[in-house]
Number of protein chains: 2
Amino acid sequence: MSAVEETDQAIVAALATDGRMSYTDLATQVGLSVSAVHQRVRRLEQRGVISGYGAKVNYEAIGLPLTAFVAIRPFDPAQPDDAPERLAHLPEIESCFSVAGEDFYILLVRVKSPTDLERLLQEIRTSANVTTRTTVVLSTPFEQRPPQVRLD
Amino acid sequence: MSAVEETDQAIVAALATDGRMSYTDLATQVGLSVSAVHQRVRRLEQRGVISGYGAKVNYEAIGLPLTAFVAIRPFDPAQPDDAPERLAHLPEIESCFSVAGEDFYILLVRVKSPTDLERLLQEIRTSANVTTRTTVVLSTPFEQRPPQVRLD
DNA sequence: GTTGAAATCGTTTGGAC
DNA sequence: GTCCAAACGATTTCAAC
């Protein structure tokens, strides 16, 4: 993936902030014509710099009020490490990060209740043959803030 | 925030998957008329169930290839805990979670380089008077997957 | 909830500079 | 890159059921 220059950065930042912004507004904001902005957005999408658009969701309101981080490491460190593929089918897992440190992966999960968290942890352990260490999120002061525009 | 019933859940899930889906397509997908779907989406936005729309960004491509989790706890546990407000001005911090466990908060940060991470950690420590424990993300098998539709 | 119509706005393409 | 024009589709509101 090649780098992205200043104007494209501004476009990406604007669309990360408001993914439904019209090309007219976007053009004004970055100081280009509608045609030029349109062309750039299409290229950013094709290159995968923008991989899609999504609604920002209030998880409490949709019945998933419990968020947690689940750090996992293999029960047997010699076994093949294919945890992500083994866990991808669990929809409660929103994100999966491979990390440096004592743990192998950190998962971000969203569930309805402690009971569902318990069930999910069991599924994670058996699906990927791992041990888990769970950190429950109590509140979220802020989340998914758009990336800053870096004008180097 | 009140709960959301089945059809609204389907709408939210669809828009989390594709935030730019047209009302025509959305109506087909959830089995309603365009008018009805439009009305529901407007209500979901007003109620804050959908808090906005954002582009899904490839952070490597926009010059932020280094992601890390930063767990923080106060240097002096007796001091007032206002870390989120003290940290909100740092644009590198994408998310801030208040957590149960030994740490007080877990931050998700995105930076350009190890040098920038070092600088950011110093800023976090001095801004909020906290100690930090950082876990570097090596790769991201998946991230920001849309929530599942739960048909209870 | 539904359909249908109407006005408006945004998207998208293409041509010319 | 710009501007302009044209065709098309989507949004939005409204009335009527």
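The chains referred to below are lettered A, B, ... by the order of the sequence lines, with proteins before strands, and numbering in each begins at 1.
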Rounded distance (Å) that lies between atom [atom2] of [N] and atom [atom1] of [X]:
{"X": "Y53(B)", "N": "dA10(D)", "atom1": "OH", "atom2": "P", "value": "16 Å"}
{"X": "L15(A)", "N": "dT11(C)", "atom1": "CG", "atom2": "P", "value": "10 Å"}
{"X": "Y23(A)", "N": "dG9(D)", "atom1": "OH", "atom2": "P", "value": "17 Å"}
{"X": "L32(A)", "N": "dT2(D)", "atom1": "CG", "atom2": "P", "value": "5 Å"}
{"X": "R20(A)", "N": "dC9(C)", "atom1": "CZ", "atom2": "P", "value": "18 Å"}
{"X": "E45(B)", "N": "dT11(D)", "atom1": "CD", "atom2": "P", "value": "11 Å"}
{"X": "M21(B)", "N": "dT11(C)", "atom1": "CE", "atom2": "C1'", "value": "18 Å"}
{"X": "R43(B)", "N": "dT12(D)", "atom1": "CZ", "atom2": "P", "value": "15 Å"}

**Asked** Should the pair R133(A)-E102(A) be classified as a salt bridge under the 4.0 Å nitrogen-to-oxygen rule?
**Response** no
**Message:** Is the shortest side-chain heavy-atom distance between D8(B) and V49(B) below 4.5 Å?
**Reply:** no
**Note, F69(B) side chain near L107(B) side chain (heavy atom, < 4.5 Å)** = no
**Request:** May I ask you to decide if L87(A)'s main-chain N or O and S127(A)'s side chain share a donor-acceptor pair within less than 3.5 Å?
**Result:** no
**Message:** Please check: side-chain N/O of D82(A) versus main-chain N/O of E85(A), any donor-acceptor pairing under 3.5 Å?
**Reply:** no
**Request:** Look at all strands and tell whether S33(B) reaches a base, only sugar-phosphate, or nothing, counting heavy atoms closer than 4.0 Å.
**Result:** base
**Request:** With I106(B) as reference, evaluate I72(B), V99(B), V70(B) under the side-chain contact (heavy atoms from CB on, under 4.5 Å) test and give the passing residue.
**Result:** V99(B)
**Complete:** Here the salt bridge (charged side-chain N to carboxylate O under 4.0 Å, His left out) pairs for residues 135-147 of chain A, sequence neighbours left out, are R110(A)-E143(A)
**Request:** Carefully, step by step, assess V136(A) and L117(A) under the rule side chain to side chain contact (heavy atoms under 4.5 Å, CB included).
**Result:** CA-CA 10 Å; V136(A) 170; L117(A) 180 56; 4.3 Å; yes
**Message:** Please check if the number of heavy atoms outside F142(A) that lie under 6.0 Å from its CZ is greater than 12.
**Reply:** yes
**Prompt:** Taking a pair as Watson-Crick (N1 to N3 plus N6-O4 or O6-N4) or G-U wobble (N1-O2 and O6-N3), both under 3.5 Å, which stems of 3 or more consecutive pairs involve DNA chain D?
**Reply:** C:1-17 with D:1-17
Mind listing the N/O atom pairs, protein and nucleotides 13-17 of chain C, below 3.5 Å?
none

**Request:** Output the single nucleotide from dT11(D), dG10(C), dT2(C) whose closest atom is nearest the side chain of S22(B).
**Result:** dT11(D)
